[in-house]
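Inspection log for the structure reproduced underneath, given as structure tokens.
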Number of protein chains: 4
Amino acid sequence: MSARAAGGGQPAAARLTAERRAQITEAAGELFGRRGYHAATMRDIALRVGVSPGLIYNYVEDKEELLLLVLDSLLDAYASSIPAALAGLRDPLARFAAAVDTYCRIVAERPEATLLAYQESRSLRRSLREHIKRREVETNALIADCISDGIAQGLFRPVDAELTAYRVVMMAHGWALKTWRLAGRMTIDDYIADSLEMLLGALLTPLGAQRRAEAAR
Amino acid sequence: MSARAAGGGQPAAARLTAERRAQITEAAGELFGRRGYHAATMRDIALRVGVSPGLIYNYVEDKEELLLLVLDSLLDAYASSIPAALAGLRDPLARFAAAVDTYCRIVAERPEATLLAYQESRSLRRSLREHIKRREVETNALIADCISDGIAQGLFRPVDAELTAYRVVMMAHGWALKTWRLAGRMTIDDYIADSLEMLLGALLTPLGAQRRAEAAR
Amino acid sequence: MSARAAGGGQPAAARLTAERRAQITEAAGELFGRRGYHAATMRDIALRVGVSPGLIYNYVEDKEELLLLVLDSLLDAYASSIPAALAGLRDPLARFAAAVDTYCRIVAERPEATLLAYQESRSLRRSLREHIKRREVETNALIADCISDGIAQGLFRPVDAELTAYRVVMMAHGWALKTWRLAGRMTIDDYIADSLEMLLGALLTPLGAQRRAEAAR
Amino acid sequence: MSARAAGGGQPAAARLTAERRAQITEAAGELFGRRGYHAATMRDIALRVGVSPGLIYNYVEDKEELLLLVLDSLLDAYASSIPAALAGLRDPLARFAAAVDTYCRIVAERPEATLLAYQESRSLRRSLREHIKRREVETNALIADCISDGIAQGLFRPVDAELTAYRVVMMAHGWALKTWRLAGRMTIDDYIADSLEMLLGALLTPLGAQRRAEAAR
DNA sequence: TATGAATGAGTCTTCATTCAT
DNA sequence: GATGAATGAAGACTCATTCAT
């Protein structure tokens, strides 16, 4: 997770370093997504960044670490976008809906990255894999919290919040997995609406249902 | 898709050939599942079968074809088990439930194989990939048919049967994808029951719901 | 040069053995000629004979020996056809012409075999290579003798007969080497006539030339 | 026909690249010539250059391309040496003799390379093979032109120049093919003189013969 | 005699990674 | 920081050859 050239003394240099690393990560994400982790070569990635293969190793220890960076960048998206989407919202129903919506849209934006997580997590050494898992759990908690709130307010049935959050995640990932099959027949908006319908159908208490009906008016 | 030693003249020889191929496929499935397609070497597979590396190429043209065989064996399971499970059943509700149940259990039995399909389909040449896709669609149709029946009898709402079948498949695959996370907290039976609940909650007409309640008595 | 199954007790069996070996040699010649010694596999050869790969090893020790057999079969052709062509002829000029003609036609009949000799002699172990060389020299002698006769009778200039025989052989082989280039523009008959013209132009004494002119009448 | 490291940006780098490639080609030529294309391994070649096997693939795409490079280098020798030899000469007779002489000497310098062309052209993919053929034809034209000149000036009989050029080439190649047999008995000078004698004997018009006699004085 | 499944050494080739410049 | 030539370990695959049946 470290990098040789990482942040020396000057903040300017540190920023440049971060930029380079971001460039590399993006290129890697693109190529890993398109060709798969194994098929994408370091040389390809360097070429795409417009840099020599050797340089990548100034910013990354390993091809594995590059994979980590890519997966991390996806988790970053969740970690920043979901809280942002929830920011103004008080109502647990609205919060839950927003969380689901945001999660699904992030998946839909980079379906290959989501796939990559399933495909190649195994390729990571244990330590890196643990890191990813930890962050996934954190992301999950963002959703689980919305559910817990709903339960606390009597809008959701008293389900296992964490488990239900996994349900949400699975549904969202379902889009990535079957994108090639679904993309023609259904928009991501349809998919989200539909998924939410199912989830709420299973979750809402009568009170919750009533509240929802009012909100829809 | 053929191989040198494939089905000689005598049926006895053919059987032996089929057995060997099955052995190899199984070993490959195991190793691909455990280490990933790229990380598993032909040598490893041969070793596990207790055979020399060269021999594998008497039964398989390619490492790729071996992957195909593994993926195919999973699809075989669907193609044979689901119809078997539906065999005695008339009631669309029961049929649907049986299909979902069977599908999920097959996934749960070999979750790595399901993962493999997502992971490495890309590694297949187009022709083989098409083969897999075709068979996936066939499998899907088994479920879609149950749904269509239910719709025809007024038990299910008039949804797009095919799309809904994908929903089912995604849910089932969800178990495979998150096994490592769910397995401790939830049995596959719980998962199936829960999934069915959600699906039926979204699908059943009032008539269907009533019928279901009666059946549950 | 030996073979395991070679000539047991019964002459009938021996004949069958010889036939099999001839079949195998022919198939090998065909395939070596078409694809090259290395590219042609024992399996291919067996397939073409309609026999299992293992069987070949009852008649031949080695792939190398098979090559030897093929090369030998070409030398057999020279060894039997040239003497046959010379049989009735007394006149050294006619004998020389017949030898050249026959040699060239054998080359033209199986140009790939001639090429093979150049291509793959190197692949033979020393002992087998020596065998081939010895037989080549014998063949050469058939031509050299004609030349010596001509010299003895004052028809040819007193050249080095053996060396001149090589010249003849080279010219004949030239057809095999460049067959793909010449075949369209020139028949083998033209080639022979032309070659003979050159050779005789260089060889004939005035007496020889006169004798030739008379014979042409 | 390209290679990764081929001609970088700076001319200095380009020169180094060209040198490396030349080294590799030379080593390959040597080993292909000695052991044959198939028997010579990439590892052997690398070893001989004093380099790791992987490096070769920075300069060459394929073992096949390496063969092409070797064959090409022989054709380069013709393409540069023959015109150089003809440079100062006006007289068609002298030009023809010089062309034949040069061609033969190039063959004699690297007989294995000439053999290689016959042996392994087949191993080349069609596109590379075409390339070689094209260059062979060009080389041939160098000789054919001399012949045409001679005809135009009435020194040679009106033969088919191209065909006759093939004759010359065959004769020259004859030396390579039979080196092992002829080398002890005859020098290349003898061989050339002798060959020229035969060729001119067949080609010269009376005028040409007279001119030749004058020149010899 | 004949089979053909099985062997296993050996090949080409790829590619992450290093390091002198 | 940046380059890119060089490394070398490793993998898929082939095929002559063997041997139990």
Side-chain angles (χ1 to χ4, degrees), chain A residues 4-5 8 13 16-17 20 38-47 49-64 66, chain B residues 3-5 8-10 13 16-17 20 38-46 49-64 66, chain C residues 4-5 8 13 16-17 20 38-47 49-64 66, chain D residues 3-5 8-10 13 16-17 20 38-46 49-64 66:
Chain A
R4 287 193 206 139
L16 285 177
T17 290
R20 257 287 142 89
H38 286 97
T41 71
M42 294 300 267
R43 205 173 157 273
D44 290 340
I45 295 167
L47 228 58
V49 183
V51 136
S52 75
L55 187 63
I56 296 185
Y57 290 86
N58 281 3
Y59 296 90
V60 143
E61 197 134 304
D62 239 346
K63 195 186 184 187
E64 260 186 46
L66 202 41
Chain B
R4 271 188 203 161
Q10 299 80 0
L16 286 178
T17 289
R20 256 289 138 87
H38 287 97
T41 71
M42 294 301 268
R43 207 176 151 275
D44 290 340
I45 295 168
V49 184
V51 153
S52 75
L55 186 65
I56 297 185
Y57 292 87
N58 278 11
Y59 297 88
V60 144
E61 203 144 282
D62 236 341
K63 196 184 182 189
E64 257 184 51
L66 201 42
Chain C
R4 287 192 207 136
L16 285 178
T17 290
R20 258 287 142 88
H38 285 97
T41 70
M42 294 300 268
R43 205 173 157 273
D44 290 340
I45 295 167
L47 228 57
V49 183
V51 135
S52 75
L55 187 64
I56 296 184
Y57 290 85
N58 281 3
Y59 295 89
V60 143
E61 196 132 307
D62 239 348
K63 196 185 183 187
E64 259 184 48
L66 202 41
Chain D
R4 271 188 204 163
Q10 299 79 0
L16 286 178
T17 289
R20 256 289 138 86
H38 287 98
T41 71
M42 294 301 268
R43 205 176 152 276
D44 290 340
I45 295 168
V49 184
V51 154
S52 75
L55 187 65
I56 297 185
Y57 291 86
N58 278 9
Y59 296 88
V60 143
E61 204 144 280
D62 236 341
K63 196 183 181 189
E64 257 184 51
L66 201 42

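Remember, it's a predicted structure, so these values are computed and weren't measured experimentally. Letters A, B, ... are given to chains in the order of the sequence lines, protein chains preceding strands, and every chain is numbered from 1.
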Between atom OG1 of B/Thr41 and atom NZ of B/Lys63, what is the distance when rounded to the nearest 0.5 Å? 7.0 Å
From OH (A/Tyr59) to OG1 (A/Thr17), nearest 0.5 Å: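 OG1 of A/Thr17 is found 5.0 Å from OH of A/Tyr59.
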From the options E/dT13, F/dA12, F/dT17, select the nucleotide whose nearest atom is closest to the side chain of D/Pro53. E/dT13
Select one nucleotide: of F/dA5, F/dT17, E/dT3, the one nearest the side-chain heavy atoms of D/Arg20.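 The answer is F/dA5.
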Atom [atom1] of [X] to atom [atom2] of [N]: distance rounded to whole Å?
X	N	atom1	atom2	result
C/Asn58	F/dA16	CG	C1'	15 Å
D/Leu16	E/dT21	CG	C1'	12 Å
B/Arg43	E/dG10	CZ	C1'	14 Å
C/Leu55	F/dT18	CG	P	14 Å
A/Ile45	E/dC15	CD1	P	12 Å
B/Tyr59	F/dC13	OH	P	18 Å
C/Asp44	F/dT14	CG	P	13 Å

Phosphate OP1/OP2 of E/dT7: any B/Tyr57 side-chain N/O under 4.0 Å: no
For E/dG4, does OP1 or OP2 lie under 4.0 Å from any side-chain N or O of C/Ser52? no
Taking all non-hydrogen atoms of both residues into account, name the closest pair between C/Ser52 and C/Ala46 and its distance.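 Minimum heavy-atom separation between C/Ser52 and C/Ala46: C-CB, 3.8 Å.
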On DNA chain F, nearest-nucleotide positions of B/Asp62 versus D/Ile56: which is more 5'? D/Ile56
Of B/His38 and C/Met42, whose closest DNA chain F nucleotide lies nearer the 5' terminus?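 The residue whose closest nucleotide sits nearer the 5' end is B/His38.
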Heavy-atom nearest nucleotide on DNA chain E taken for D/Glu64 and for A/Lys63; more 5' hit belongs to D/Glu64
May I ask which nucleotide in the shown strands pairs with E/dG4, Watson-Crick or G-U wobble, both distances under 3.5 Å?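 F/dC19 - that is the nucleotide pairing with E/dG4, both distances being under 3.5 Å.
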By the Watson-Crick or G-U definition, both distances under 3.5 Å, E/dC12 is matched with F/dG11
Is there a side-chain contact between B/Asn58 and B/Arg20, using heavy atoms and a 4.5 Å cut-off?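 No, every pair of side-chain atoms sits at 4.5 Å or beyond.
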Checking side chain to side chain contact (heavy atoms under 4.5 Å, CB included) for the pair B/Met42/B/Leu66: CA distance, chi angles, key distance, verdict? CA-CA 10 Å; B/Met42 294 301 268; B/Leu66 201 42; 4.1 Å; yes
Describe the nucleic acid contact of B/Ala40 in one word from base, sugar-phosphate, nothing, applying a heavy-atom distance below 4.0 Å.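 Here B/Ala40 touches the backbone only, sparing every base.
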